Peer 1: 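Pasting in a structure now, in structure tokens, and then I'll have a few things to ask.
Computed from heavy atoms alone, side chains included, the values below leave out hydrogens, waters and symmetry copies. Source: prediction; values computed, not measured. If you read the sequence from its start, that first residue is 1, and numbering goes on from there.
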Amino acid sequence: MGRRASKANRNIYYQARIEAAKEDPIFSSRETASERLGIERSRLARIELDKVQPYPEEVLIMSGQYRAPYLCDDFCRNVCAIGVNRLLGEKIQNMNNDSFERLSLRFISNAHTVEETSRRLVEISKDGKVSQEEYESFHRVLQSMDELTETIREIKAFILSDPDLRSRFGADLSV
């Protein structure tokens, strides 16, 4: 089996390849995986190291070969301009249902949990690893972080949906 690429550990395509290697050892190294995928080894490395975004065709190939359909979902949600803009459009439409005041209150509520979340994160990470007993608490920490991040994204989307606010702050925001 190939050695683990620590720089790529968080990359979804690398993780999918390593998971696929459990069933098919050909995916245990980039060299043999690239032959099976028909993607040049150095390109596969750049994809797994987040140096380049894969082409949609490459995602389809990896998704099929790795038996990881979530790769396509992730690509469409986070990379593909059509998917990203469609999701942003849906969020902006939903903003009509959520008033700015309500979003602000949700942000304040989430922000109040930051101190507790930070304390739990320090407790979990002080020994440098997440133990079996800490998984549930760590999961709650990640959920709190996700909730705060999502609320911030929704506030930014709300600002971008208002023509006056967008013209004033739009260049400073990314959703």
Peer 1: Report the C-alpha separation of C72 and L60 in whole Å, then their side-chain angles, then the decisive distance to 0.1 Å, and conclude whether the side-chain contact (heavy atoms from CB on, under 4.5 Å) test is met.
Peer 2: CA-CA 7 Å; C72 291; L60 282 171; 3.8 Å; yes
Peer 1: Considering non-hydrogen atoms only, spot the tightest contact between Q53 and R43 and give its length.
Peer 2: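 Heavy-atom minimum between the residues: O-NH2, 3.2 Å.
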Peer 1: Measuring only between side-chain heavy atoms, which start at C-beta, is L44 closer than 4.5 Å to E58?
Peer 2: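 No. Closest side-chain heavy atoms not under 4.5 Å.
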Peer 1: Using the rule that Ile, Leu, Val, Met, Phe, Trp and Tyr join whenever any side-chain heavy atoms are under 4.5 Å apart, tell me whether V114 and L121 fall into a single cluster.
Peer 2: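 Not linked; separate clusters.
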Peer 1: What distance do Y13 atom OH and M62 atom CE have between them, rounded to the nearest 0.5 Å?
Peer 2: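 Reported to 0.5 Å precision, the distance equals 6.0 Å.
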Peer 1: When rounded to the nearest 0.5 angstrom, what is the spacing between CG in D146 and NE2 in H139?
Peer 2: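 Those atoms lie 9.0 Å apart.
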Peer 1: Linking I/L/V/M/F/W/Y whenever any side-chain heavy atoms sit under 4.5 Å apart, do I152 and L142 land together?
Peer 2: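 Each belongs to a different hydrophobic cluster.
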Peer 1: Can you confirm whether more than 12 heavy atoms, excluding those of E31, are under 6.0 Å from its CD atom?
Peer 2: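 At most 12 heavy atoms, drawn from other residues, nucleotides or ligands, come within 6.0 Å of this atom.
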Peer 1: Can any side-chain N or O of S125 pair as donor or acceptor with the backbone N or O of G128 at less than 3.5 Å?
Peer 2: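 No: the side chain of S125 does not pair with the backbone of G128.
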Peer 1: Using 0.5 Å steps for rounding, measure from the OG atom of S63 to the CG atom of D73.
Peer 2: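 Answer for the OG-CG pair, S63 versus D73, is 8.0 Å.
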Peer 1: Output the distance between atom CG (D74) and atom CD1 (I12), rounded to the nearest 0.5 Å.
Peer 2: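 Spacing of CG (D74) from CD1 (I12) equals 3.5 Å.
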Peer 1: Between E147 and R106, is there a side-chain heavy-atom distance shorter than 4.5 Å?
Peer 2: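 No - every pair of side-chain heavy atoms lies 4.5 Å or more apart.
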Peer 1: Taking atom CZ of R30 and atom CG of L37, what is their separation to the nearest 0.5 Å?
Peer 2: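 Separation between the atoms: 12.0 Å.
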Peer 1: Tell me whether L105 shares a hydrophobic cluster with L148, the cluster being built from Ile, Leu, Val, Met, Phe, Trp, Tyr side chains joined at under 4.5 Å.
Peer 2: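 They do not share one cluster, since no chain of ILVMFWY contacts under 4.5 Å joins L105 to L148.
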Peer 1: Would one find more than 12 heavy atoms of other residues, nucleotides or ligands at under 6.0 Å from atom CZ of R140?
Peer 2: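 Yes, because the 6.0 Å sphere around CZ of R140 holds more than 12 heavy atoms from other groups.
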Peer 1: Answer yes or no for R36 and F27: cation-pi contact, defined as NZ/CZ to six-membered ring centre under 6.0 Å and angle to ring axis within 45°.
Peer 2: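 Yes, a cation-pi geometry.
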Peer 1: Decide if atom OH of Y55 counts as having more than 12 heavy atoms of other residues, nucleotides or ligands within a radius under 6.0 Å.
Peer 2: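 Atom OH in Y55 is not crowded, with 12 or fewer foreign heavy atoms closer than 6.0 Å.
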Peer 1: Do E19 and Y66 come within less than 4.5 Å of each other through their side chains, counting heavy atoms only?
Peer 2: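 Not touching, per the 4.5 Å side-chain cut-off.
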Peer 1: Let me confirm one number: the OH-CD1 distance from Y135 to I124, rounded to the nearest 0.5 Å.
Peer 2: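 The CD1 atom of I124 is 11.5 Å from OH of Y135, to the nearest 0.5 Å.
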Peer 1: Do we get R120 above F138's six-membered ring, with its NZ or CZ under 6.0 Å from the centre and within 45° of the axis?
Peer 2: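 That pair does not qualify as a cation-pi contact.
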Peer 1: Same hydrophobic cluster for V52 and I39, using side-chain heavy-atom links shorter than 4.5 Å among ILVMFWY?
Peer 2: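 Shared cluster, yes.
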Peer 1: Identify the heavy atoms of T113 and N110 that sit nearest to each other, and give their distance.
Peer 2: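 Closest pair (atom of T113, atom of N110, distance): OG1-O, 2.5 Å.
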Peer 1: Work out which heavy atom in E40 is nearest to a heavy atom in S34; give both atom names and the distance.
Peer 2: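 Closest approach of E40 to S34, heavy atoms only: C-CB, 4.1 Å.
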Peer 1: Before accepting this row, confirm whether a basic side-chain N of the pair E123/R119 lies closer than 4.0 Å to the acidic partner's carboxylate O.
Peer 2: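 Result for this pair is no, no salt bridge flagged.
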Peer 1: List the steps, then state whether side-chain contact (heavy atoms from CB on, under 4.5 Å) holds for I18 with Q15.
Peer 2: CA-CA 5 Å; I18 296 305; Q15 291 172 346; 5.9 Å; no
Peer 1: Keeping N11 on the side-chain end and I47 on the backbone end, is there a donor-acceptor pair under 3.5 Å?
Peer 2: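 Pair found, side chain donor or acceptor close to backbone of I47.
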Peer 1: Tell me, with the steps shown, if E134 and S131 meet side chain to side chain donor-acceptor pair (under 3.5 Å).
Peer 2: CA-CA 5 Å; E134 296 169 323; S131 69; 3.2 Å; yes
